[in-house]
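What follows is a short report on a single structure.
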Protein chains: 2
Amino acid sequence: MGRLSELDKIKSCPSTYVLAINDTMNVLNGKWKLPIMAALGFGKKRFRELERDIPNITPRMLSKELKDLEANGVLKRTVHDSIPVVVEYELTKSGASLEAVMDVMIEWGLQHRKTFIGKY
Amino acid sequence: MGRLSELDKIKSCPSTYVLAINDTMNVLNGKWKLPIMAALGFGKKRFRELERDIPNITPRMLSKELKDLEANGVLKRTVHDSIPVVVEYELTKSGASLEAVMDVMIEWGLQHRKTFIGKY
DNA sequence: TATAGTGCTATACTTTAGTATAGTGGTTAC
DNA sequence: GTAACCACTATACTAAAGTATAGCACTATA
């Protein structure tokens, strides 16, 4: 109840909730963030692993997007001080919680494609 | 049950579900689509009304984004053949159903901002 | 008939996002 | 010692997204 009415309160003010939605969308913005998050959904991975798992991504973009995602607190970069160094990337709790958001996006996307292809 | 396992099946294949998520994100992509959808959340509006309600949008962008949104089937453009003509834009059923997706984005966005500001 | 509003479009430009290609400094395997 | 792998960075470019400014065809109002 308290939760629902809080959401309702926010939704009565577009400029506020547009900000909140933008916060969410910005985390996944661009061509490569989603594939990266998806690749990390199965567990921690190293830089070169990600580069191989995500077709056509360049190291430049991978590096940049990993930094963005880390800055947004949805993934964590760990440097193991072994020799040679091993660098691993994994989702944070916040990043993992994005899965719930992605789930509803998957459902809407599939539904939309169904009704859409039917019409046109 | 059938629904949940369908989602699970899709989620086991990243290339498929990344597509579905992209379908959803593309509908709201760019700087202006979300503000437009938000403005139409309260009911039908005319072109100039939208232009006034959305700060700093240019008619060029408004026109372009309205076309995109219409092409994506989330809003409908109606020309009333009165004199002078009145053009109205409103959400379709599909567009209105996006609200559920936006709701979870609002919740994640707010939660994320809370934990995030706490940390940095 | 001049002024203002509606619903746009056209042209030119800037800014941001993404690509292509090469290279660095370290490590290990042959 | 040279070839190859790791985790990137640097430079230069192209393409896409967004902005600025002006204008058009129409109607309504004074």
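Remember, predicted model here, so these are calculated numbers, not experimental data. Residue numbers start from 1 in every chain, and the chains themselves are labelled A, B, ... in the order their sequence lines are given, proteins ahead of strands.
Closest to the side chain of A:Phe47, out of C:dG7, D:dC8, D:dT9, is D:dC8. Taking the side chain of B:Arg77 as heavy atoms from C-beta on, and the options C:dC8, D:dT19, D:dT9, the nearest nucleotide is C:dC8. Comparing D:dC8, C:dT9, C:dG7 against the side chain of B:Val86 picks out C:dG7 as the nearest. The side chain of B:Ser63 approaches C:dT9 more closely than any other nucleotide in the set D:dA7, C:dT21, C:dT9. Distances from the side chain of A:Trp32 to the nucleotides C:dT19, D:dT9, D:dG18 place C:dT19 closest. In this structure, of D:dT9, C:dG7, D:dG18, it is D:dG18 that holds the atom nearest to the side chain of B:Lys31. Here C:dT19 is the nucleotide among D:dT19, C:dT19, D:dA7 with the atom lying nearest to any side-chain atom of A:Met61.
A donor-acceptor contact under 3.5 angstrom links the side-chain atoms of A:Arg60 to the base of D:dT11.
The side chain of A:Arg48 contributes an N or O atom lying less than 4.0 Å from OP1 or OP2 of D:dC6.
Rounded to a whole Å, the CG atom of B:Asp81 is 16 Å from the C1' atom of C:dT6. When rounded to the nearest whole Å, the span between CG of A:Leu62 and C1' of D:dA10 equals 17 Å.
When all heavy atoms of B:Gly95 and B:Met37 are compared, the closest pair comes out as O-CE, 4.0 Å.
Of the two residues near DNA chain C, B:Lys64 and A:Pro84, the one whose nearest nucleotide lies more 5' is B:Lys64. For the pair A:Ile83 and A:Ile57, nearest-nucleotide mapping onto DNA chain C gives the more 5' position to A:Ile57.
One finds no salt bridge joining A:Arg52 and A:Glu49 here, because no Lys/Arg side-chain nitrogen approaches an Asp/Glu carboxylate oxygen to under 4.0 Å.
With B:Glu88 as the fixed residue, the side-chain hydrogen bond (donor to acceptor under 3.5 Å, both in side chains) test singles out one of B:Lys76, B:Lys45, B:His80, B:Arg77: B:His80. Put simply, the residue from A:Thr58, A:Leu66, A:Asn56 that forms a side chain to side chain contact (heavy atoms under 4.5 Å, CB included) with A:Trp32 is A:Asn56.
Pair assignment for D:dA30 gives C:dT1, based on Watson-Crick or G-U wobble hydrogen-bonding distances that are each under 3.5 Å.
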